[in-house]
Participant: 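Right, I'll just put the structure down here and ask away after.
Start at 1 and go down the list; that is how both ligands and their atoms are numbered. Predicted model only: the values in this text are computed from it and were never measured.
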Amino acid sequence: MIPILINSIEEMSTICRQMIGKVGFVPTMGFLHQGHLSLVKEAKRISDVIIVSIFVNPTQFGANEDLSNYPRNIERDIKLLTELDVDYIFFPTNEQMYPNDFKTWVNVDKITQVLCGRSRPTHFRGVTTIVTKLMNIIEPDFMFMGEKDFQQLVVLRQMVKDLNFKTKIVGCSIKRERDGLALSSRNKYLTKIGREKALCLNKSLLLAQKLFNENIQSSDEIIAQMTDLIEDNEGVIDYIEAFDPNTLEHITNIVSGSRIALAIVIENTRLIDNIKIN
Ligand code: PAF
């Protein structure tokens, strides 16, 4: 069945208010890949009605980031979501989401200033604001988010807890290409050579796990070896960091359950990835 396409906030709210059964919501910025589709599949497993939003949220892009180039292909997205029997696709306009007199921001403190927040200081404020708006419009029972954006997941869980949202966030594992590259809409920017180089993200995370298995626990030591591997592949390091998965606090001694995340620029494209060490 073709999903019902809705671009009016009012119409989406009205429909959602009358919905019967558990509502599963997958927020996206479109240009869908198997990672997004795995979220939809997980949503279908535990919800009765599936809503996917497609909105390239301008407020989460910094001034020099890729908002205007961000890949879009709504026809293809609709086709993919039709194949998965999604019930509704919500794709509001910028003007509706951010009218001229828009003045309110949702901000989660501290954990938005570390990791990606250091080089993208306004990014998470944009994410938390748009997700709040989407959750208020849709009022879903479940919201599905990928672990590739691990910090985003932690930030949104904190927001949902602090602001008493009724929605439960379901975190879903990272989806990868056969060769290990984490799926991302931004992979599209890479040339063939760049894509090859980009494998160093996953390779360096696997190296970290290997070193941990060999009883190396010092994050400095592990990160030094990851750094060499990435620099050998001409990756420009934004950060590589080991942290506690709940607090996102930097750790010097890696234990089972710790996360290591990185952001690496390959051919001007900033890519992120992470691993749970165990
Ligand atoms: O992860 C994303 O695609 C975006 O940050 C989200 C959650 C859809 C908000 O714009």
Side-chain angles (χ1 to χ4, degrees), residues 6-7 9 12 24-40 42-43 50-62 65-74 76-77 80-81 86 88-94 96-98 102 104-108 111-112 115-117 119-140 142-160 163 165 167-175 182-189 261 263 269-274:
I6 297 188
N7 59 17
I9 293 180
M12 191 76 255
F25 172 48
V26 182
T28 82
M29 299 209 297
F31 206 72
L32 305 179
H33 51 64
Q34 288 301 325
H36 296 112
L37 301 184
S38 73
L39 302 180
V40 174
E42 180 59 16
I50 312 296
I51 306 178
V52 176
S53 67
I54 297 179
F55 180 67
V56 181
N57 174 34
T59 62
Q60 67 189 75
F61 289 79
E65 295 181 12
D66 56 342
L67 173 61
S68 57
N69 297 331
Y70 195 81
R72 293 163 169 86
N73 190 340
I74 183 82
R76 186 170 155 278
D77 290 346
L80 290 170
L81 296 175
V86 162
Y88 296 92
I89 300 176
F90 179 46
F91 60 109
T93 60
N94 257 333
Q96 280 191 78
M97 283 313 229
Y98 296 109
F102 186 86
T104 305
W105 298 97
V106 179
N107 193 37
V108 175
I111 54 172
T112 52
L115 303 168
C116 287
S119 56
R120 306 185 75 191
T122 57
H123 170 69
F124 289 107
R125 183 185 81 154
V127 172
T128 44
T129 301
I130 197 66
V131 171
T132 296
K133 286 170 69 70
L134 290 166
M135 285 206 290
N136 281 336
I137 295 164
I138 293 171
E139 297 186 54
F142 305 112
M143 181 168 72
F144 299 83
M145 321 269 336
E147 285 186 347
K148 185 173 78 74
D149 296 286
F150 190 78
Q151 186 175 9
Q152 168 171 280
L153 181 62
V154 173
V155 166
L156 290 173
R157 280 196 204 284
Q158 183 76 44
M159 179 186 87
V160 159
L163 299 184
F165 280 98
T167 302
K168 181 175 182 302
I169 298 187
V170 182
C172 302
S173 60
I174 301 176
K175 293 291 166 268
L183 297 183
S184 161
S185 304
R186 291 192 167 97
N187 292 348
K188 182 186 154 51
Y189 299 141
T269 296
R270 186 175 178 280
L271 301 171
I272 58 171
D273 201 346
N274 68 82

Participant: Under the salt bridge (charged side-chain N to carboxylate O under 4.0 Å, His left out) definition, can you give me all pairs with a residue in residues 65-74, not counting sequence neighbours?
Facilitator: Glu65-Arg120, Asp66-Arg186

Participant: Nearest heavy-atom pair of Asn94 and Val56: which atoms, and what distance?
Facilitator: OD1-O, 4.4 Å

Participant: If only atom types and distance count, is the side chain of Lys133 paired as donor or acceptor with the main-chain N or O of Met97 below 3.5 Å?
Facilitator: yes

Participant: When you pair each N or O of ligand 1 with protein N or O atoms, which pairs come out under 3.5 Å?
Facilitator:
unit_1   : atom_1 : unit_2 : atom_2 : d
ligand 1 : 1 (O)  : Gln152 : NE2    : 2.8
ligand 1 : 5 (O)  : Gln60  : NE2    : 2.9
ligand 1 : 5 (O)  : Gln152 : OE1    : 2.7
ligand 1 : 10 (O) : Gln60  : OE1    : 2.6

Participant: Locate the shortest heavy-atom distance separating Gly126 from Tyr98; write the atom from each residue and the value.
Facilitator: O-OH, 4.3 Å

Participant: Can you sort out the partners of Arg125 under salt bridge (Lys or Arg N to Asp or Glu O under 4.0 Å), two or more places apart, ordered by chain and number?
Facilitator: none

Participant: Can you list, pair by pair, the side-chain donor-acceptor contacts under 3.5 Å of residues 26-34, counting residues two or more places apart and other chains?
Facilitator:
unit_1 : atom_1 : unit_2 : atom_2 : d
Thr28  : OG1    : Gly30  : N      : 3.0
Thr28  : OG1    : Ser53  : O      : 2.8
His33  : ND1    : Gly35  : N      : 2.9

